[in-house]
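Below is one structure, written out as structure tokens; the observations come after it.
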Amino acid sequence: MEDYLQQLDDEQRTAVLKSAGRSIIIAGPGSGKTRVITYKLLHLLKTGIKPSEILLVTFTRAAANEMIDRARMLTGIDLEGITAGTFHHICNLILRRYARKVGLFPNFTILDEEDSKSLIKHVRTMVLERTGEIKHFPSHGVLQKIFSYATNTMSTLHSALLKINPKYIDYEKIIEDIYREYTIEKRNQNCVDYDDLLVFAVQVLQDSDIRLRESRKYKWILVDEFQDTNILQLNLIELLSSFHKNIVVVADDSQSIYSFRGARYENVRDFMKIDGTKLFKIQTNYRSVEPIVKLINATIPKRSVPKVLRAVKFSDQKPIVIKTSDRQEEAAYVSKQILRLIEQGFDPEEIAVLYRSHSHSLELQIELSKQQIDFKILSGIRFTETAHVKDIIAFLRIIQNPREKISWIRVARLFPGIGAKTASNLAEHAYGAALQNDVSSILDGFSQKKGQILEIKKLLSEMQEESTVSDKISFLYESFYQQYLQDNYPDYKERQQDIERLIEVALRYNSLEHFLSDLTVNEDVQNNVSKGQKITLTTVHQAKGLEWDVVFVISVNPGDFPSYYALMENNIDEEERIFYVAITRPRKLLYLVTQQYPSSPYMYWAKAVDFLQKIPEELVDIYDTSY
DNA sequence: GTCTGTAATCTTTTT
DNA sequence: GATTACAGAC
């Protein structure tokens, strides 16, 4: 037995050594999933596989980096050359190589959710102008959900419409029109949205020559968090593994929490069913103490593969249920308790507060600030989603792909005197001129608002002259945007710091295309370097795969968690899995906090589904602090 | 056409 | 309780 595998238990070691061909590892929470993948990587390298022959698909970029770093530490082998990242990242890489196969130019840009929403809004307005005013027609936000769901589930617009909101079924024809036009617009503007990345990558791989070339590269494919893949992603890994047929996926079906974006935990079952698939199970829970594991076992979601977790860590402390009155009191209790824990010697970095929705954390944020407890928020608005960073990106996107109207509009509107109308005219002009002209002369011949146009033109052409991405941004910042921030935002100082950080990040890149796609598809770039000892606030979704000594789950009351929508649509199964993910995060202490009189008016009729009422009383300690 | 203040309109989870 | 749509002033 290789001694570097000594650190694994029997189940883990078997999974590392014997998984080959088509394999699935069913892993309970806290059973060392990451460890198994890391050791699998290590084992492959030890047996002579080159990093460039491995494809590692993870749920976030950070997860991939972590595994690679650990494998490097354990082996001393540099993993330079490995292909690793999220599905979107990998699809982007493939699509850059074969863009023309699907009618794109290789310099295509990627729309984030907000961009794609505004493009849908634009198309929606145009189509509705033709058909005349329609009352209660779905908003652009709803349309986007419908389109996205249809794409990610590879189903018809009709069934997506039924799923998202059946009351719009009468408008099916017009919605189809908008969808068609939206697709055409994207194509014309040489840009793709998040869903297109997956769709087009799969489309490209239908070509047998390309499929052979691409799938030959990857002797081994490893996929983490397989329970959260959708049908497109399943297709993609099937195509990429079609030559060597070594594909190892790791899954916990009880933790599938992304069905809203098409994830189907049935992928796990379907994958297992195919002949010759090897199945491994690792069920020991190394993370949580026994009283927590007992609660976990009692809370296994319905409709998952039956499992019983074994605990190895012991403790006298049961999970604690706290009944508070409302959000205010909940916040007060939680921050007081956190202070107490820190006094007792708990490391703030090892304390986290989890919630179903961002909005549930507002009162707590205020309370924590009052008590001077430092905290960091994992979810919420991302760095690249802030207005000021998006402004800078818009300039860069114009240089990268001048056909894209959304960025032209965004840039134009930064200048006083230019509103929606002029900006839209300008974008149309730019779109028409972009094919024949260089960026600097695209605006020639546009006659409105001469002064501002001249300034835009000058900025763009000088940015183009600068050779590195970082210099391009620096130039824009110093000659225009720094002043703009000062004139328009009271909190301009923080925003300026963000841009300065962006300039630093850009130093690592020598290609504009690379920089832009990493910003939209590779969220690791954005993770702010947090200094000092801070507790963590995050949604349960973002907490997936993470662990802390102490975890508070707040607002565990009907209407908040389970969410109001889930109760409306009677979609409790997924909420159960989200709750399951939440209670499986702590190592030592779990607090479940609920409100007796929540502000949400829904709790009164929704009382029927209360997670806390389903918990056997002897498994927890209950305290009532409400008035 | 643009800008600003007020009324109406929803409220989830994310690459 | 924040975002968006709209109306009216410039």
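Bear in mind the structure is a predicted one, so any value in this text is a computation, not a measurement. Convention: sequence-line order gives letters A, B, ...; per-chain numbering from 1.
Between A:D115 and the choices A:K405, A:R397, A:R410, the salt bridge (Lys or Arg N to Asp or Glu O under 4.0 Å) rule is met once, by A:R397. When the options A:V556, A:T594, A:V593, A:L364 are evaluated for a side chain to side chain contact (heavy atoms under 4.5 Å, CB included) with A:E330, the one that passes is A:V593.
A close approach under 4.0 Å does not occur between any side-chain nitrogen or oxygen of A:T60 and OP1 or OP2 of B:dT15. Under 4.0 angstrom from either OP1 or OP2 of B:dT13 there lies at least one side-chain N or O belonging to A:H358. Remark: A:Q542 is in phosphate contact with B:dT14, judged by side-chain N or O atoms under 4.0 Å from OP1 or OP2. Using a 4.0 Å cut-off, some side-chain N or O of A:T539 falls inside it from OP1 or OP2 of B:dT14.
The main-chain N or O of A:P416 is found under 3.5 Å from a side-chain atom of A:Q452 such that the two form a donor-acceptor pair.
Residue contacts for A:I418: at a heavy-atom cut-off of 4.0 Å it reaches the sugar-phosphate backbone alone, with no base atom in range. If you check every strand for non-hydrogen atoms under 4.0 Å, A:A420 touches sugar and phosphate atoms only. Across all strands shown, A:S139 has no heavy atoms under 4.0 Å from either base or sugar-phosphate atoms.
Judged by distance alone, the side chains of A:Q144 and A:S148 never bring a donor and an acceptor atom under 3.5 Å apart. A:S555 and A:Q595 form a side-chain donor-acceptor contact under 3.5 Å, judged by distance and modelled atom types alone. Using modelled atom types, one finds no donor on one side chain facing an acceptor on the other under 3.5 Å when comparing A:D193 with A:S116.
Annotated stems with DNA chain C as a participant read B:1-10 with C:1-10, given as range with range, by first number; only runs of 3 or more Watson-Crick or G-U pairs under 3.5 Å qualify.
Rounding to whole angstrom units, CZ of residue A:R577 and C1' of B:dT14 are separated by 16 Å. Note: NE2 (A:H88) to P (B:dT14) measures 14 Å, nearest angstrom. If you take CZ of A:R413 and P of B:dT2, they are 8 Å apart, rounded to a whole angstrom. Rounded to whole angstrom, the span from the CD atom of A:E225 across to the P atom of B:dT14 amounts to 14 Å. As rounded to whole Å, 7 Å separates atom C1' of B:dT12 from atom OH of A:Y565. The CZ-P distance, from A:R327 to C:dG1, rounds to 10 Å in whole Å. As a whole-Å value, the separation of A:Y258 OH from B:dT12 P is 16 Å. The OH-P distance, from A:Y355 to B:dT12, rounds to 14 Å in whole Å.
Between A:Y258 and A:H541, the ring planes lie perpendicular to each other; the angle is over 60°, past the 30° to 60° tilted range. Below 30°, between 30° and 60°, or above 60°: for A:Y481 and A:Y484 the angle between ring planes is below 30°, a parallel geometry. Ring pair A:Y194/A:H88 is perpendicular by interplanar angle, where above 60° counts as perpendicular and below 30° as parallel.
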(request) If a protein heavy atom is under 4.0 Å from the base, mark B; if only from the sugar-phosphate, S; if neither, -; do that for nucleotides 5-10 of chain C going 5' to 3'. (result) S-----
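Each of A:F260 and A:G417 was matched to the nucleotide of DNA chain B holding its nearest heavy atom; the match closer to the 5' end belongs to A:G417. Ranked by how close their nearest DNA chain B nucleotide is to the 5' end, A:A566 and A:A423 are led by A:A423.
Comparing the same atom, P, in B:dT13 and in C:dT4 gives a spacing of 15 Å after rounding to whole Å.
The listed nucleotides are B:dG1, B:dC3, B:dT14; the one nearest the side chain of A:R261 is B:dT14. Here the side chain of A:S563 is nearest to one of B:dT2, B:dT14, B:dT12, namely B:dT12. When the nucleotides B:dT2, B:dC3, B:dT14 are ranked by their closest atom to the side chain of A:K421, B:dT2 comes out on top. Side-chain proximity of A:E113 to B:dT12, B:dT15, B:dC3: nearest is B:dT15. When the nucleotides B:dG1, B:dT14, B:dT12 are ranked by their closest atom to the side chain of A:R356, B:dT12 comes out on top.
Note: A:I406 CD1 to A:S118 OG = 4.5 Å, rounded to the nearest 0.5 Å.
A cation-pi contact links A:R96 to A:F108, judged by a cut-off of 6.0 Å to the six-membered ring centre and 45° from its axis.
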